[in-house]
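These notes concern the structure reproduced below.
Everything numeric in this text was worked out from a predicted model, so none of it was measured. Index from 1, following the sequence.
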Amino acid sequence: MNVIIESMSFFISGAVFGLVAGISPGPLLTLVISETLKHNKKEGFKIACVPLLTDFPVIFVSLVFLIKIYASKLILGIISLAGAFFLFYLAYEVFKVKGLSLELPKIKSKSLRKGVITNILNPHPYLFWMTIGTPIIIKALNINILSACMFISGFYLLLIGSKIVIVILISRSKIFLNSTLYIHILRFLGLILFFFAIIFIREALIFFDIV
């Protein structure tokens, strides 16, 4: 029972981060919207699934790097602190959002290729996995492999799922991304990011033997 509860806590953490990444304005979401509006839902769905193609090499490299330096509390503390500042930045960016422009330039199709290039050139996935995602996976692996799988599953289920929901919504109406509901959801997620940032600061202080 304890194993299931611990695993579910990692699933929920992954789901929260995935939802934030899925609905927050950024290059990939812009491309999701652009391809949906200018072509069809199918093209939007392709873009929504792009992280499955681009993220796993980043996760693998991050795991190899962090496992090698896992014995160094100083480096882990610095990484945790960097993760906290990145979370504060994401929360700040979320709170600034007042809506998302749907006046997008004409873009030729070839959605999947454009999505892959866009995500590879986007620094956010690299920052997230190096400072936040991979340290959580390592922590989960120290408990059991199920917890690590649950974190990754929760993250991608909500990351891709939320983008798919947005594709469906905007294919029916363009109002959602400028609605108060969308803004309120982002504000709530921003508060959760702030909470996670505090946790990362606490972990950094533990690594530094300050607390």
Side-chain angles (χ1 to χ4, degrees), residues 8 10-56 58 86-87 89-125 127-129 132-133 150-196:
M8 283 307 298
F10 281 101
F11 178 84
I12 292 169
S13 296
V16 169
F17 285 124
L19 183 58
V20 172
I23 71 172
S24 296
L28 197 62
L29 182 59
T30 300
L31 197 56
V32 165
I33 296 166
S34 172
E35 295 299 288
T36 302
L37 293 179
K38 298 188 181 304
H39 302 292
N40 51 54
K41 286 189 291 186
K42 181 181 176 182
E43 298 304 312
F45 292 155
K46 287 180 184 178
I47 303 297
C49 295
V50 158
L52 291 176
L53 299 176
T54 59
D55 284 14
F56 286 101
V58 179
F86 185 48
L87 286 170
Y89 166 76
L90 291 178
Y92 169 73
E93 288 292 306
V94 163
F95 273 104
K96 283 199 318 180
V97 175
K98 293 186 172 69
L100 197 59
S101 173
L102 297 179
E103 297 300 319
L104 300 165
K106 277 281 182 185
I107 304 173
K108 293 180 181 178
S109 197
K110 298 182 181 176
S111 302
L112 191 60
R113 186 177 71 178
K114 286 185 292 186
V116 169
I117 294 171
T118 298
N119 216 38
I120 287 174
L121 297 178
N122 181 8
H124 279 195
L127 289 170
F128 173 79
W129 286 111
I132 300 167
M150 291 293 275
F151 175 79
I152 294 172
S153 299
F155 181 84
Y156 283 103
L157 180 65
L158 269 292
L159 172 67
I160 294 170
S162 61
K163 279 182 166 53
I164 286 174
V165 169
I166 287 175
V167 168
I168 294 170
L169 288 173
I170 65 172
S171 67
R172 296 178 178 176
S173 171
K174 300 178 182 181
I175 296 173
F176 173 70
L177 293 172
N178 286 301
S179 68
T180 55
L181 175 61
Y182 176 64
I183 303 302
H184 288 325
I185 291 172
L186 285 177
R187 298 286 188 272
F188 176 70
L189 293 173
L191 289 174
I192 295 177
L193 287 178
F194 185 83
F195 172 74
F196 275 113

Just distance, no hydrogens or angles: give the donor-acceptor pairs under 3.5 Å from side chains in residues 164-171, sequence neighbours left out.
{"from": "Ser171", "atom 1": "OG", "to": "Val167", "atom 2": "O", "distance (Å)": "3.2"}
{"from": "Ser171", "atom 1": "OG", "to": "Ile168", "atom 2": "O", "distance (Å)": "2.7"}

State which residue, out of Phe56, Phe151, Phe17, fulfils the ring pair (Phe, Tyr, Trp, His ring centres under 6.0 Å) condition with Tyr156. Phe56
For [X], give me all partners under side-chain contact (heavy atoms from CB on, under 4.5 Å), at least two apart in sequence or on another chain.
{"X": "Ser162", "answer": "Leu19, Ile23"}
{"X": "Phe95", "answer": "Arg187, Leu191"}
{"X": "Leu121", "answer": "Ile117"}
{"X": "Ile192", "answer": "Val16, Phe188, Leu189, Phe196"}

Using the test ring pair (Phe, Tyr, Trp, His ring centres under 6.0 Å), find all partners of Phe11 that sit at least two apart in sequence or belong to another chain. none
Sequence neighbours left out, what passes ring pair (Phe, Tyr, Trp, His ring centres under 6.0 Å) with Tyr92? Give chain and number order. none
Quick one, Pro51 and Leu159 - any side-chain contact, counting heavy atoms below 4.5 Å? yes
Could you tell me if the side chain of Lys163 sits less than 4.5 Å from the side chain of Leu28, heavy atoms only? yes
Whether Phe155 and Phe128 hold their rings parallel, tilted or perpendicular, with breakpoints at 30° and 60°: parallel
Closest approach of Gly44 and Thr36, non-hydrogen atoms and distance? CA-OG1, 3.3 Å
Of the non-hydrogen atoms in Ile160 and Ala48, which two are nearest, and what is the gap between them? CG1-O, 3.4 Å
Can you sort out the partners of Ser24 under side chain to side chain donor-acceptor pair (under 3.5 Å), two or more places apart, ordered by chain and number? none
Once rounded to the nearest 0.5 Å, what's the spacing between atom [atom1] of [X] and atom [atom2] of [Y]?
{"X": "Leu29", "Y": "Ile47", "atom1": "CG", "atom2": "CD1", "answer": "11.0 Å"}
{"X": "Asp55", "Y": "Asn119", "atom1": "CG", "atom2": "CG", "answer": "5.5 Å"}
{"X": "Leu31", "Y": "Lys46", "atom1": "CG", "atom2": "NZ", "answer": "12.0 Å"}
{"X": "Lys96", "Y": "Leu186", "atom1": "NZ", "atom2": "CG", "answer": "13.0 Å"}

Residues, nucleotides or ligands: over 12 heavy atoms within 6.0 Å of Phe194 CZ: no
